[in-house]
Structures are given as C-alpha cells and as structure tokens.
Amino acid sequence: MTAYATTARAPTFLEEVIARTPGEPHLERCIQCGTCGGSCPSGADMEHTPRGLFALINAGLREQALCSNTPWYCVSCYYCTVRCPQQIHITDVMYTLKRMAIDEGYYTESTARDAPEFSKTFIDFVESNGRSFELGLATAYHLRYRPLNAVGMAPMALGMLRRGRMDLTPTKIKGIKQLQAILNKAKELGGVK
Amino acid sequence: MDNSYEPVIVGFLCNWCSYRAADLAGTSRLHYAPNMRPIRVMCSARVEPQFVLKALREGADGVLIAGCHPGECHYVDGNIKALRRYELLKRMLRQLGIEEERVQLVWAAASEGNVLADAVNRMTEQLRRLGPLRWRETVLGGDGQMTEYSSEKVSKEV
Amino acid sequence: MSEERVGVYVCHCGSNIAGTVAVEEVSQWAAGLPNVVVSRDYKFMCSSLGQELVEKDIKELGLTRVVVAACSPHMHERTFRATCERAGLNPFLFEMANIRELDSWATDDRVAATQKAKAMVSAAVRRVIHHQPLQLLPVTINPNTLIVGGGVAGITAALEIANAGYHVYLVEREPSIGGHMAQLDKTFPTLDCSACILTPKMVDVAQNKNITLLSWSEVEVVEGYIGNFTVTVRKRARYVNEEKCTGCGICIDKCPKKVVDEVFEAGLGYRKAIYRPFPQAVPKYPVIDTASCIFFQRGKCKACQMFCPTEAIDFEQQDQILKLEVGNIVLATGYDTFDPRRIPQYGYGRLANVFTSLEFERMVNAAGPTGGRIVLRDGVTTPKSVAIIHCVGSRDKNYNEHCSRVCCMYSLKFSHLLHERVPDAQVYEFYIDIRATAKRYEEFYHRVLEEGTRFIRGRVAEVTDAARLPGEEGKLIVQYEDTLVGKQRRLPVDMVILSVGMEARRDSREVAQIFGLGCEYNGFFIERHPKLDPVNTMTEGIQIAGACQGPMAIPEAVAQGAAAAARVLSLITQGTVMMEPVRAHIDAEKCSGCRICNNLCPYNAIVFHEDRKVSEVITALCQGCGACVAACPSAAIMGAHFTDEQVMAQIEGMLWDVQPQIAMTATGAE
Amino acid sequence: MKYGYYPGCSLERNAAAYHQSAMAVAGPLGIDLVEIDDWNCCGATEYFSINLLPAYALVARNLALAQDQGISDQLVAPCSACFLNLTKTDRYMADSPQLAADVNEALAAGGLHYTPGSVRVRHLLDIIVNDVGYDVVAAHVSKPLTGLRVAAYYGCLIVRPGYGGIFDDPEHPTVMDKLLRVLGAEVVDFPLRAQCCGGHMTQISQEVAYEMIRRLLKNAADYEADVIATVCPMCQLNLDAYQANVNQFFKTDYMIPVLYFTQLMGLAFGASPLELGIGKEFVDARPALSKIGVAVPSNGTPRKAGASKEALPMPRLEEERS
C-alpha cells in the first residue's frame, strides 16, 4: 500500500491496484521481463500473461485489464511470486484484480465468467456451515452455472460417493453463529475491499 | 497527546560509515524525519556516556549513536567498544528511569543511506509516542554529580 | 565570554539548500549569536568569489574563527580550510555545518529544515570557539608497493609502477597470474584472442626486475598506515623448488592422478595433482595440490620426484611467512562468477547440457578441454540449436540486484562464435534488455543480428527435460514468455548457456576486514567517491582497481589499474604526505596510570612507562579513533579536534531551542 | 511431541485416507496430533478472490482457536492449501499491524483474538522429516518398499512461497525423496515435482486443468513411476479422480495410482492397507503395490551423461558433495 494518498492528484489505476493489495506488493517495480508469463502453468491459456496484464495496468487500461481472464486462470501456485526478480507479490495482485473485477462488474465480460461463480458458491457453503461441502458445491455450481457439464461430472461424483469420499449432507461447525458474527463484522469493516 | 510535539534527537555519527550513510541519504534525496541533529565523531567508540547524558540534560528527547557494521569498523573494532559501552549505558539509563527507546545504537554502512534514514524515522516515531523527556522530573536529583559518577563507572567497566 | 571573533557564511548552493532552508533567515539569525561578528549568505560559497568573501573578512574584520554552513565536510572541508590558510588563519580554526546532505536534501519540510540548519550553525559556532590551531602531520612514504591480485587490473598497475622505477610486490592466490582474462577465449567486441594480448604482459611481469611475484600466496595481516604498512604474506608451499625447476613439465606428464579442474577449466576439464593451470602460466613452476596428490593422501607414489630431471620436487617444503614493508597497497582481487546451482529451475548440475558461460569460454578456447570444439556434455555431439540465457543471477533481487554489465556483450560474442564454428546451428539469445553501451558495442550487436541469431525478449522461466509435446523428447526445453508477442512459449534446444553474472569474491568481506575497507551491500569494495575518486578508498594509502570494485569489462579494469598506479606514483614521488592531526594525546599530569586505554587501542599506539606510571600515545601509530579518549576515567586523554569541550559545546549549540531554562542560564553565561 | 492438528475439510471425507494414514503413522513415531475443537474451513483459494478481510478473518478464527485451546504452540496442517492459508494469515498479520487490527476487530465480534506469531503452523511432512527425523522413521520400517518406483510429488503450496519459513527448496524440493528412500522405495527423478496440479481449474476450465494434470502424469510415466506420492488432498484428487477424464480427453492410457506419502509410510511400517485407507483411490493401487519386494531392473534415469571417455565432467551438486 504505497503512499499515493499523500499526493494531491487522483490515484492512477496502478496505484489503486497496489493500494487494494495487502502488504507491499511492489507492482510499480515491474521491469516487464516476462519471468511470470513464462513460469505460469496456465499461462499458455491466458488472454494476457501476467506481465502483459501489468503493462495494461500501468497504461491505465482499466477495462481491458479487468475483463481479462488472466486472474481467473491463476491457480495460486506462486511460481511467479518466488521467481519474480523484482519480488512482486504477483499472486496477491491476481486476487486483488479478481476482487476489483467483481466489484466493478467486469468479470461478467470475462471468458472466465464462471470462475467467480464457483468461488461464490464455495463461500456460500463455508459461510453457512463453517466447512466446505464438496457434493453440494459440485451440484449447486454445476447445476446453476454449467448444466451441461453436470451430466459429464456425474460419474465422478458417484465414484466419490461409492468410495466414501463425499458426504451426502454438509457438516456444520458448533460455533457457526460465532463464525458468522466474525465474518459479518469483517465485511462491515472491510466493505468489499 | 499533543500532535504538534516533535522530538529532538541528537545523532552521533561516525565519520566513516554512518556519516557517509547520512550523506548518501541526502545525495539520494531520501526524505526522512528532520528530527535528528547530527554530530560527527571519528568513531562510535569516541561517544562518551557523558555526551549522551549531556544531550538528554540539555533538552534532547533521544540520542542516536550510529557506527559501522560489526567487522567493518574503520578502526578495527571501535563499534564493538561502542556496543559494550552502550549496553552498560542502557543499564544506567534504566536506573535513571529513562525509557530504552531514547538511546539507540544502530549500524549503517557507507552504502546504506536507507538504513540510516529508516532508523531515524523509526526512532522519531517511537519518541513521538513516548512524548518529551522531562529530564528534571524523570531523573530525580538529576544534578551533574550523579551523572558524572555513573558515567565514570561506565567508562571504567569498558 | 570568549574573545573569539566568528564569521558565519551560509551557502545557498543555488537552490540545493536555499530551495528548502531559508538561508537569509538563518544568516540573519546567526548574526545575533554570541561571538559572531559577521554573518553572510551567498549563492555559492565554494566559488572563488565566495571564498574571497571569507578571506576578505578574515583580514579586514580580524576573524579568528570561521563557520561555513554548506555541504558535507567530505566535499568541501579542504576547500575552506585552504581559504582560511590563505588569509593567514590556521585551517583548523574552521568548522563546517552540513546543511545540504544532512538537511535540505533530506526533507522537504521548510520550517523543520530551517530550524535544523539553525541548530547546526549554532552548534558549529559554539564548537569552533573551542578549536585549537593544529598542524598537519608529515608522513614519509615507503616507495615499495603491494599489489594484491594478478588479474589484468593488478598486472597493469604492477607494470605501470615498476616501469616508473619503483618496487612492487605482486601477490596472487592462484599458482599463476592471469586471472579470469586468461580463461577467456576472445574478447568482445574486437574478437582479439584474450590470451594473445594478455600473455605478453604476464611475461613482462615475470621479467621485470622491479616486480617480486609471489604467486600461490595470500596476505594474512596488514598493519600500519599510509606510507608505512607492514604486510604479512603466507607463501604457500608449492612442493617445487623454484630455484631448481626449469618448468619442463615432465612431472605433470608423469603424475598419475587426474582431477577435475574447478578453477581454471571451470569444471569442464581435468588437471593433474601436480599442475600448472595453463601452458603460459607465470611463474612457470607447477604446484602440488596436496588434497588430490596420491603421495600426500596415501604416502606413496612420488612419480613426479622420480622423473624430475633437476630434483626440484621437495615434499618437505613448508609455507613461508614473509613480512613486507610497503608504502601503498593496490587491491585488485577481482570477482567470482555467479553459481547457477542457486537457481534450480535452470537445471545446471542436473541437466547435462546446461553450461555456464565460463564453461563455454573454456569450450570454445582452442587450448581448452575440447580443443575448441563446441560439443554437448557427451563430448562428441555438435549442438544444432543453442539457447543463451542472459541475466542469470543478475538484475534479480533474489540473487544480485546489480547488472553485471559484461554478460550482454559476451553473450553476443558467443552467438558470433557459434555461427563461426557451427554454421548450421540456430542460436537464440534470451534477454531482458540488450546493454551495449561502450565503444563499438552497439555495432557488434548489429553484426550479430545480421549473422542470424534470433533475439527473444523474455527472461527464461525454466529449463527442463520434462517433455510435454512431441518434438521435445530428448531435448532441453526452454520455457519463457516472448514478451514482444505476449505469449508463453517453449523452445526445444540441444544446448543451453547460462550467462552468469559477476559477484564480489566470496571472501571479499574478510579481505576488506584485513585491509580495513568497507564493502557495498553486495560485497564489492567501496570507493572513496563513486564519480570523482573511483580507485581510492576511505583508507589512506589503499587503492582498489578492477572488478573488486564492481562489475566491469577488461578496458575499464585496465584503466583502473593504471589509475591506481598513477595514484601510488603520485604519493611515492611526493615522498611525504600530510595527515590529519586528529590524534590522541595523554596529559601526563592527569594520567593515573590505570592502563585502561592500553588495551583499548587497536593499533597498540599507547605505551605504558613503568618508571613514571603513565601512559603515552605514539603519535605516528595513533589513527585518531578516540576510543581511549572516551574511556579515560581521569579525562587525561585529549583527542585533538574532537575534544570533550568541543563536542560538549556542539551538543549545547545543537539544542539551543529546546534547552531547559536552567541549563540555558548555566551555559548562556559563558 | 504434542501438536495442535488442523485436518481441514478435505481430510474429513474426500481425503479421509490421508487422515487415517497420518494417524496410523503418527502414533508409532510419537507424534501426538490433537485436533483443534470446532475448526472451520480455511477458504481454500476462493475466499481471497471475493472478499479480503473476511477471508483473513475466516482463517484467523482457526489460529485464535489454536492459540486459546493451548494444545501446543505448533499447529500441524496436512493439506498444503490449509498450510498456506494459515501461514499466510499469520505472516501478513505480523507484517501489517493494520490488517492485524482489522482482523482482530472482526474476531472480537466472536469473542476471539489472535496475536500474530503465537502459533507456528507447519506441514505434516516438515514435522516428520525435521522433528521426527529420517533415522527414527528408518527404525520403524519393517516392510521396506523395495522395488516400488515412486515419483515424489510436492505440488506448489508446501514449498512456495514460504510464508511460514522455508524447509525445502521452492523449485526443487528433495525431503520427500529422502523420506521415501528411507522407506526402501526407489525414487525416480520427477522434474515436475513442484509444478501445480491445476488446483480449482478443474471447475473453471477443464481443458486447462486436464493439460496440467496430463503433464504430470506423462512425466511420472516417462520415468516409469509405479506410484505418485502426494502431500496434499487437492493434488491427490486432481491426479487420481480426474485421471480417467484426462485419459479420455487426450486418448491416453495412464494408470498411475496416487497415494499419500503417509500411506506409503504406513505400508513400510507394516500397517494394513485397510487401516491406511488404501482402496479409496480411483486408480487402483493394488497392482503397483504388489510389486513391493520384487526387485525390478530399472533402465536408469536418462538425464546423466554417459561416462564415456570423451564425456566432459558434470558440475557437482550440493547433495552429491555432502
């Protein structure tokens, strides 16, 4: 979170991204070397490599950057982060861009528009039970957003059930009320940051 | 606390490393708290306990002593002597009721302008939180005699 | 109240100071300080007009003390001392307040900066009143010089000084001089044969009567000071009698023990247990590496001794400890290359056909392990495609943040050599930026472009043998982003060359400690001033030259070697130098003979007179650190120019605005 | 050695085999794993994408519970994603006083508080190789895995980026290789050992996910691994449960069972396959495990240059030096 707040002018898009990322992500340091783009296991399928995305951010091309599928294709493997010669917290920046894309409604224009829905479905279960629930997640997500896929995934779900690797009902923690109070307070404090 | 309070720090900087670090910080236009008032000494080992006490008695809120990193002293090991003396001085300051943060020893190489600047910023922030050192109130009976006696003891133990 | 008449001069330094500090206000305020008879501000105090102002005031107003508030004393203290001296005032009756580096440049808070400037001026005024007139101390310069490191920088310095007629001791850690340059094949951008241009200079060293070459030797202790250093050198046992050895090399032929040569051949070739790193080695005498010698390890063999025609092999030889008296020292200890095993994703050490640039230098060298053939690790296959990866271990905060400066150019040279030796090979250069910034470098880049090298802008992410797609099997796959296309790509190649960067020597900090130098954050030695004094160090009498100061190419290392030599020669021909009189002195009357100071002195400069029970400082040995001054319980030791009174007065002045009322009246009365 | 234990959602059901086998080896090794009461999900990689502060608060509740229940100042997480989230939250709270204050304000709504640094989170593999040690493990081996060719698969989050301190190289980890060798297994070179399994990509883009899984399977198959050993439920799920889909998609026929390293430890310690949860995997491990004790001649790893007369020397590696 660098100190753009101390300057009188409006923050640039780059400064906004930095400010919304915890700690010091150092995105301003990028020298466009491409180590991240070369390292990313899903990089070949991204619309922009991370480096390319950072160039868009630096150029202030907000819409292009936030519509990109790149952050949603990030698998959080941290290769880019540990290899970055400028020690930029690239994975954290990807999370920030996802949040910004949701907040500003851009994600619906992304080719990865299902990804946030998956995340949201996942979180719904965690928020109501305190634990994740694979069967519920799979059925809810696939039925809601990917009806065609749901058919294809059915054998696997059955396999999971048969091997005792999936529950039919969700587990709920005892302190679910406490957890919800905590999460609600956090939402209130942090807004949708 | 009064927000307008700005602590005054006397900084003893050794000629070879930390003074040059301060020079470098300036040359690199690294902005840091203007609260430290520098005094150049040839080596951190030259800093006598009396200097520190004198500065505190004369109205400084804190004293920063800066030397070369251990192993890099221009005079072989003057900084180690400064460190030993500093440890004894800290014990004495504790007895006088002076907070530990008010007298600090840091290492900054000639190439480390940022290290020195950070140290000044950090110390300034700490002293802002502590508030002014009120020598007469803090150091009961803090007349010259007691300090001379104590600092002499420190010198001997080094 | 003191009678001293002080003049205060506050410098604007253009807008450097005046942009942040209200200099007129400081100057007007200073005029009201006790003892100040004149206070002026001026655009540039260091200009001749500024200096004349001071001179005039000294003469006309009878100033007895001068304070200049301007830049760092490390910049202009000498200037203004000379100004005072010209006007007939002892130069030490002057004090400088550094309101630029330590004030105006360090903040943009105008009010605080002005307040701080006032404190520093007030401190300087109070301090200068207590100054004593002092005289510089003359020191004679021993005309002998020690040069540490026999690479191209050290060789150049040695020859320059020796040719001027002065004696040089050249100490080299390895069995031969030559350094990294002797390992290289061609030099960029001219493509001179490296050895061909270096070996004549090495021979000059061997033949120069003014040079004592101590190879296979290391400096262990340095004592003394400029003009008068005593250096202890360990001359390691070679187990070869240099008087008898003719350098015929039969011992090397007959030695049955072959080991990988990790130093000269960069691990790519072998040497014997008794060896000479390369045929043109200077000196020509071999050494026995006891760690691999069969006789030293198992007690029998002695093949070398049996076959030596002059009985020069001496298994009983011992290390020799030499004491050298020298007046100046030049450090030219060079650099290490980055060890790419620290970047596992590039596969060096795991993947056979990944080579370092130094290995490749040895490979293309006609005198190297493959006789100049470019082959894969199997020793026979010629690569059809080669990827050269730039910035390995450089420009990377995880390893070395600095740019190593030479890698772009030597990588381009590799491309050229590959095209020349393996005409049908495809060569790829993976770069972030091409830095071709010296004479004829850019032209060389263009030439390599025209030769057909493919340049790909992107720092390589990884090198792997894990084939993913058809066509990758059995190859090394370079994975990267082509940043100009914006796509992740994979390139199968036969050979990968890692252009490893330059680092400070692994033991540079220990060496710096021996010589009393400072190191940068990355271990390179610190020069006195990065622009104006690049070969001098903070320690008088010690110069640095070549890549021990920072990454550089051959021409710069040579220039630095010559520059260091010029510095040394200037001191030698002066014969004496004047030293700062910042020295300790013990008042025998006050000394209680407690001897606390005796052991504190790092230079053993304090002797104790048993008869009189007092200690005394030997001025010639004292370096003026002040450790003894601070520790003396009887306040019997005075540190010239840093006396208790001076520092105490400076403290009072610094705190003029915050002093409690009581203290104000106590000291304000003086 | 007593530790707090955070199993994570996966180990409850999907990766129950990991939990069972971890417990089966912990006992003999003297590791006492005491489950944190009423822990909650760590949010996996999903919560940080949606809402930052609740994401940290969610994880921090577990740290606060571990701190309050006072089982130990060390908390063991067997799942790499849980391990990452727990260490990351602790580290970021320590680095950013503002974040710590916000998280604690949220926790206060549930009557909890967490002081950064008070719980040290560690991965189960770290505990076994560093706290227990290879020698103690070796002493418990009664049925060495002789003849079993294993690819040690670390995945990403156990070694990267090292928020809780680095216990193995983030690019080329080796501790599990050593551990498996101690068990008597033949560990194959596996260059992709620290590559990602695809994580949640299976839910977002199957093409992308399947390709990532295929690479790993291919690499293990290229080195003739009988079994892939994993340290993370996500890696196990992706490589195992999706193996058939990958085969279908790419027209390949990989049949490489994927087991938890603790299952292999249990086998070597003489535990029964049933109590180790063996049988829950999609790709049947029995054919591979039947090779144990049967020495199979290997055709060596292809990477080393042949030691022919012309060959140039290879640079030495640290592990070879020691």
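The sequence lines fix the lettering, A, B, ..., with proteins before strands; numbering per chain opens at 1. Scope of the values below: all heavy atoms of this structure, side chains included, with no hydrogens, waters or symmetry mates.
Neither the backbone nor the side chain of C/Glu265 comes within contact range of chain D, judged by heavy atoms closer than 4.5 Å. Heavy atoms closer than 4.5 Å to chain D are found nowhere in C/Thr356, neither backbone nor side chain. Residue C/Ile343: no heavy atom, backbone or side chain, is found under 4.5 Å from chain D. With a threshold of 4.5 angstrom between heavy atoms, C/Tyr348 approaches chain D through its backbone and through its side chain.
Atom OG1 of C/Thr464 sits about 7.0 Å away from atom CG of D/Asn219, to the nearest 0.5 Å. Here the straight-line distance linking atom CZ of C/Arg373 with atom CD of D/Glu310 works out to 8.5 Å at 0.5 Å rounding. The structure places CD of C/Gln345 at 11.5 Å from NE2 of D/His172, a figure rounded to the nearest 0.5 Å.
What you find for D/Pro313 and C/Gly269 is that their closest heavy atoms are CG-N, 4.1 Å. A pairwise comparison of heavy atoms in C/Ala467 and D/Lys218 identifies O-CE, 3.4 Å as the closest pair. When all heavy atoms of D/Met314 and C/Gly349 are compared, the pair lying nearest together is CE-O, 3.2 Å.
Counted within 6.0 Å of CG on C/Asp424, heavy atoms from surrounding residues, nucleotides or ligands total more than 12; the atom is thus considered enclosed. Surrounding CD of D/Gln248 are at most 12 heavy atoms belonging to other residues, nucleotides or ligands under 6.0 Å away. The number of heavy-atom neighbours closer than 6.0 Å to NZ of C/Lys397, taken from other residues, nucleotides and ligands shown, is above 12.
Distance alone, capped at 3.5 Å, is enough to place a donor-acceptor pair between the D/Arg214 side chain and the C/Arg468 backbone. Put simply, the side chain of C/Arg350 never gets that close to the backbone of D/Pro191: no donor and acceptor are under 3.5 Å apart.
Considering only residues two or more places apart in sequence or on other chains, C/Lys475 meets the side chain to side chain donor-acceptor pair (under 3.5 Å) condition with C/Asp494.
At least one side-chain heavy atom of C/Val375 sits less than 4.5 Å from a side-chain heavy atom of D/Leu312.
For residues 225-257 of chain D, the set of pairs meeting the ring-ring contact (aromatic ring centres under 6.0 Å, His included) definition, not counting sequence neighbours, comprises D/Tyr210-D/Phe249.
The candidate with the highest count of non-hydrogen atom pairs below 4.5 Å against chain D, out of C/Val380, C/Val260, C/Leu268, is C/Leu268.
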